[in-house]
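Naming convention: chains lettered A, B, ... in sequence-line order (proteins, then strands); numbering from 1 in each chain. Both backbone and side-chain heavy atoms feed into the values below; hydrogens, waters and symmetry mates do not.
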Number of protein chains: 2
Amino acid sequence: MKPTSPDAPTLPVAGLDGKDRPGDANVCSTRGELEKELLEFFVRAAQLAGQPKSLGEIYGLLYFSEDPLSMEEIVARLGISLGSASQGLRQLRAFKAVRAVAVPGQRKDYFVAEIKLRRVIAGFVQEEIKPHMESGLERLARLEELAGALDDVHLQQRVRRLARLHEISGQLLPLLMKLVRV
Amino acid sequence: MKPTSPDAPTLPVAGLDGKDRPGDANVCSTRGELEKELLEFFVRAAQLAGQPKSLGEIYGLLYFSEDPLSMEEIVARLGISLGSASQGLRQLRAFKAVRAVAVPGQRKDYFVAEIKLRRVIAGFVQEEIKPHMESGLERLARLEELAGALDDVHLQQRVRRLARLHEISGQLLPLLMKLVRV
DNA sequence: AAGTATTTTCATTTTTTCTTGAAAACAACC
DNA sequence: GGTTGTTTTCAAGAAAAAATGAAAATACTT
């Protein structure tokens with residue numbers, strides 16, 4: 001499984017005109033169109049998850065690439081900066097959405113996407129959602145204590161009700177994980 | 001359940017110095033501290049959900065208020081603009097996180113928070129998550145068709161795999177709703 | 001219907017977030 | 001140990017999102 005050679009770009013992502021001449025097969029343009037839309041799909045998904053656009057682009061590109069890609073190639077195909085690529089890849093590795101593979105005669109790192117989307121979702125939940133929730137629940141516990149010291153019954157009730165959120169999220173996360181079958 | 005009279009603000013959110021003189025009970029300052037942190041809790045929750053800060057502040061304020069509050073009061077207590085308040089309240093009403101109540105002798109609208117957080121979550125999922133997912137799944141279906149026309153087996157496989165996402169989300173949403181017991 | 005109170009809208013400003021690119025850090029090789 | 005290829009970091013710039021405030025629209029009252 002050799003890395004894509006630099007002279008054979010298979011995903012001409014940038015520079016599409018979107019036109020589709022009717023009446024002939026025109027596979028190239030259809031393919032380009034498709035690839036553009038696929039990337040856009042991942043960009044939207046990234047943004048729904050509160051992640052930068054570039055992250056979605058990188059993952060999308062790797063998801064559809066037959067071979068591992070170097071950072072250089074990613075930068076070239078997406079037209080993004082080295083900085084974005086480096087940061088995006090780091091984040092994606094944290095989510096276990098991509099991993100680096102070593103290519104024998106090559107000094108560079110090459111990257112491949114985790115194509116099991118369940119795992120990507122699981123990694124994202126683990127790294128992004130869980131910590132937020134946990135710190136939120138800690139904070140809530142402290143607030144409940146604080147409220148206990150006051151003699152405002154109404155406020156106490158509301159804080160207590162709020163603190164019951166941990167019941168929901170205590171169920172939600174395991175359930176999500178189970179659904180996603182880590 | 002009269003609306004809070006304008007001369008008796010019970011949530012002095014703005015203008016806290018955070019100092020806590022030790023050695024005396026100092027309930028006021030503790031209370032102020034608590035209220036500030038509670039609002040911050042909701043602000044974080046809002047941001048985790050990809051919503052503007054002001055939205056969290058408004059909901060938080062209403063969540064802890066004993067009485068319905070008018071937009072004017074909300075603006076005054078939070079120190080936000082009328083525009084933010086209007087837009088935030090609209091969004092919150094769309095999520096069914098707040099509702100307007102009519103106060104007899106009063107022309108203004110008064111707002112109360114839905115304190116059943118399950119319902120708020122359900123409303124948010126319904127209004128924000130579901131539409132995004134649905135449009136994404138539609139888009140995927142189209143892409144799968146498009147890919148079928150090409151003779152690139154690898155690309156087809158990946159698109160098909162991606163399209164299986166609908167299995168996950170097809171389960172996820174009902175499950176989430178069930179958990180949240182709408 | 002005219003006047004007033006209240007809410008909404010929206011162009012502008014402010015704030016936040018993302019991206020860039022070049023310098024620093026690192027790592028492999030000779 | 002110095003050289004070169006590669007990656008990371010981070011200050012500055014660009015883009016996107018949110019907040020503002022005043023004008024327009026709406027709704028209530030008399």
For the pair made of [atom1] in [X] and [atom2] in [N], what is the distance, rounded to whole Å?
X	N	atom1	atom2	answer
I58(A)	dC18(C)	CD1	P	13 Å
F111(A)	dT6(D)	CZ	P	13 Å
E57(B)	dA19(D)	CD	P	8 Å
L55(A)	dT17(C)	CG	P	16 Å

Q) If we only count heavy atoms from C-beta on, is the F41(A) to L162(B) side-chain gap below 4.5 Å? A) yes
Q.
I'd like to check V120(B) versus I115(B) (side-chain heavy atoms, cut-off strictly below 4.5 Å). Are they in contact?
A. no
Side-chain donor/acceptor pairs under 3.5 Å, residues 44-60 of chain A, sequence neighbours excluded:
{"residue": "Q51(A)", "atom": "NE2", "partner": "E128(A)", "partner atom": "OE1", "Å": "3.4"}
{"residue": "Y59(A)", "atom": "OH", "partner": "E114(A)", "partner atom": "O", "Å": "2.6"}

Q. Judged by atom type as modelled, is there a donor-acceptor pair below 3.5 Å linking the side chain of S65(B) to the main-chain atoms of P68(B)?
A. no
Q: Using atom types as modelled and distance alone, determine if a side-chain donor or acceptor of Q156(A) lies under 3.5 Å from a backbone N or O of A147(A).
A: yes
(Q) At under 4.0 Å between heavy atoms, how does the protein contact nucleotides 20-30 of chain D? Give one character per nucleotide, 5' to 3', with B, S or -. (A) BB------BS-
Q: Check each residue of residues 126-133 of chain B for a non-hydrogen atom within less than 4.0 Å of any atom in DNA chain D, then write out the ones that pass by number, or none.
A: none
Q | Steps toward side chain to side chain contact (heavy atoms under 4.5 Å, CB included) verdict (Y63(A), L117(A)) | A | CA-CA 10 Å; Y63(A) 186 87; L117(A) 293 165; 4.1 Å; yes
Q) Nearest to the side chain of K108(B) - dT6(D), dT8(D), dT6(C)? A) dT6(C)
Q: Could you check K96(A) against R119(A) for side chain to side chain contact (heavy atoms under 4.5 Å, CB included), going step by step and ending with a plain yes or no?
A: CA-CA 8 Å; K96(A) 301 213 198 303; R119(A) 291 208 183 146; over 6 Å; no
Q: Determine, step by step, whether I74(A) and L62(A) satisfy the side chain to side chain contact (heavy atoms under 4.5 Å, CB included) criterion, reporting the C-alpha distance in whole Å, the side-chain angles of both residues, the deciding distance to 0.1 Å, and the verdict.
A: CA-CA 8 Å; I74(A) 292 169; L62(A) 290 172; 4.2 Å; yes
Q) Does OP1 or OP2 of dA19(D) have a side-chain N or O of S54(B) closer than 4.0 Å? A) yes
(Q) Over all strands shown, is S70(B) touching base, sugar-phosphate only, or nothing at heavy-atom distances under 4.0 angstrom? (A) nothing
